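What you see below is based on every heavy atom in this structure, not just the backbone, and it leaves out hydrogens, waters and symmetry mates. On a predicted model such as this, the values are computed, not experimentally measured, just so you know. Numbers restart at 1 for each chain; the letters A, B, ... are given by sequence-line order, proteins then strands.
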Protein chains: 2
Amino acid sequence: MSGRKIISFENIKVACENCSLVSLCLPMGLDPDDVEKLDEIVKRNRPLHRGDHLFREGDKFHSLFVVKAGSVKTYAPSEDGGEQVLGFHLPGELIGLDAIENEEHHCSAKVLETSAVCEIPFTNLEELSSQVPSLQHQMYRLLSREIGHDEDILTLLGKRSAEERLAAFLISLSERFKRRDFSASDFYLSMSRHEIGNYLGLAVETVSRLFTRFQDEGLLKVERKHIQLLDIDRLNNIIQGEERNGNKRQYT
Amino acid sequence: MSGRKIISFENIKVACENCSLVSLCLPMGLDPDDVEKLDEIVKRNRPLHRGDHLFREGDKFHSLFVVKAGSVKTYAPSEDGGEQVLGFHLPGELIGLDAIENEEHHCSAKVLETSAVCEIPFTNLEELSSQVPSLQHQMYRLLSREIGHDEDILTLLGKRSAEERLAAFLISLSERFKRRDFSASDFYLSMSRHEIGNYLGLAVETVSRLFTRFQDEGLLKVERKHIQLLDIDRLNNIIQGEERNGNKRQYT
DNA sequence: GAAACTACTTGATCCAGATCAATCCTCGCT
DNA sequence: AGCGAGGATTGATCTGGATCAAGTAGTTTC
């Protein structure tokens, strides 16, 4: 993801107040003094590489993580070697919220490409949030948003056809890139077809076929990991279950 | 759900400290003084009846709700009259967490049977939580748990077969009843086959056939809404994707 | 720079579960 | 008591997407 531009790892040790993600991340809506307090508890680690883990299922929970550059996938491994991909996380997105309950990670988080990540020790964050009501409020909002987001995916997996799922996935990426001032219509996928399929509850082959089909229909141009969305409106129509040779969604 | 015992609506206006759900609900881990403060902001309304709404998608968000007796379903309606059932909520379970983000309800909540519900105005709760660290902590835990729970369902919908889904559903109900001191193996379903199917991403007919199949195999006894689980161990095996004529789960 | 992987694509076939189509309850109503 | 009207069951058929099976094109290793 991102990818097209070389990320300079010289300047990642910026403070929260200078961070370009300030409007997406925890500091949103905090006043400068409070951002500074938050900044003091945030750790900024050296860059991570493809395949590195932020944490694994079962690890003791210490910190939340925020993607600063690059991308991370979270997944629930199962005994037999399989996994369920739970999400792909872009810059500004928080990881590890499901671990607060038991103080133990409920899923694993693996870096998909060279990435930078901020680490926020939860005990400190929690304490700070009880002193700074606007931070507490922001925390509640972020947790709530995650729930809403999971519910959206639930609807996707429960009711939608394969093509609706892939269209929704691409539009979701597109909108998230846009908010980060990346191109909404021209981007690189940092995850494999396999991972996309797993996330969407589809077989790899189905994902591959759909990419070809979407391309044949002029909806997008795909070359390996490079995606160019050519007709976002039509992709949005597909998500609604409209058109596609006139059939309308039945209600269940 | 519950059902088999007539609920006396005379005594629902009990304080949190006397509530049998204290160990499942918000007050968990609070000391008596704090429970009293919480109690002051909780509203206890008259009983609700089948079909009543706690709120509808798009309503302004004011309060969280806790089921005290009975059961409630949450669902995301879609323009075309369809819906996605997001969850069934039993006594002690919190509803409305996904609405904190935008101060607007993200889904609708409808009462499945005569039920009692506590209403907790969120502004008050938030304020109290900033004064009572253990309440703040409990709030974070509850929100986090909800995220973890949604992720579990995601795995269910993404990878599991129809019979695995239904088995998981029944076991989940069973365990939740157990924690509430109801029978883990003998209970009434308050939702229709249609709603179960919708929740699990299955057609009504499939749900119905599976009930018959499970009964034929001696896993349970089903008569209309009345369910008796006869072989919980075997149901648990099904969830793992083990047995069932020797096939093992492939990994994806 | 060739070998050995691994990711991806494409085609052929298969099957779990959806959809279509009757009944058959069960319960609320008059 | 009889009558609807959903809700549930059961059977027959159909199909979207999984699975199986090659083949191809990048990528990593030495």
Nearest-angstrom distance from the residue atom [atom1] of [X] to [atom2] of [N]:
{"X": "B:L210", "N": "D:dT9", "atom1": "CG", "atom2": "P", "result": "11 Å"}
{"X": "B:R213", "N": "D:dG11", "atom1": "CZ", "atom2": "C1'", "result": "15 Å"}
{"X": "A:L202", "N": "D:dA18", "atom1": "CG", "atom2": "C1'", "result": "10 Å"}
{"X": "B:R224", "N": "C:dC24", "atom1": "CZ", "atom2": "P", "result": "15 Å"}
{"X": "B:E195", "N": "D:dG7", "atom1": "CD", "atom2": "P", "result": "9 Å"}
{"X": "B:I196", "N": "D:dG7", "atom1": "CD1", "atom2": "P", "result": "13 Å"}
{"X": "B:R50", "N": "C:dC27", "atom1": "CZ", "atom2": "P", "result": "13 Å"}
{"X": "B:H194", "N": "C:dT19", "atom1": "NE2", "atom2": "P", "result": "11 Å"}

With respect to the phosphate group of D:dG17, does any side-chain polar atom (N or O) of A:T206 fall under 4.0 Å of OP1 or OP2?
no

If only side-chain N and O atoms of A:K225 are considered, is one of them under 4.0 Å from the OP1 or OP2 phosphate oxygen of C:dC8?
yes

Between the side-chain atoms of B:E223 and the base atoms of C:dC25, is any donor-acceptor pair under 3.5 Å?
no

Is there, by distance only and without an angle test, a donor paired with an acceptor across the side chain of A:E205 and the base of C:dC8 below 3.5 Å?
no

Just to be sure I understand the rule, does [X] reach a base, reach only the sugar-phosphate, or reach nothing, if contact means heavy atoms closer than 4.0 Å?
{"X": "B:A203", "result": "base"}
{"X": "B:R209", "result": "base"}
{"X": "B:G197", "result": "nothing"}
{"X": "B:S208", "result": "base"}

Is it the case that the ring center of B:Y199 lies less than 6.0 angstrom away from the ring center of B:F88?
yes

So A:I196 and A:V85, do their side chains get closer than 4.5 Å, heavy atoms only?
no

State, with a plain yes or no, whether a side-chain heavy atom of A:L54 is found less than 4.5 Å away from one of A:L48.
yes

Can you tell whether the side chains of B:E93 and B:R180 come within less than 4.0 Å, N to carboxylate O?
yes

Taking for B:F211 and for A:V204 the nucleotide of DNA chain D with the nearest heavy atom, the one nearer the 5' end belongs to B:F211

Side chain of B:R193 - closest among D:dT9, C:dT9, D:dG26
D:dT9

If you check every side-chain atom of A:T212, which of C:dA18, D:dG17, C:dT10 has the closest atom?
C:dT10

Apply side-chain hydrogen bond (donor to acceptor under 3.5 Å, both in side chains) to residues B:H105 and B:D98 and explain how you reach the verdict.
CA-CA 7 Å; B:H105 284 287; B:D98 55 357; 4.9 Å; no

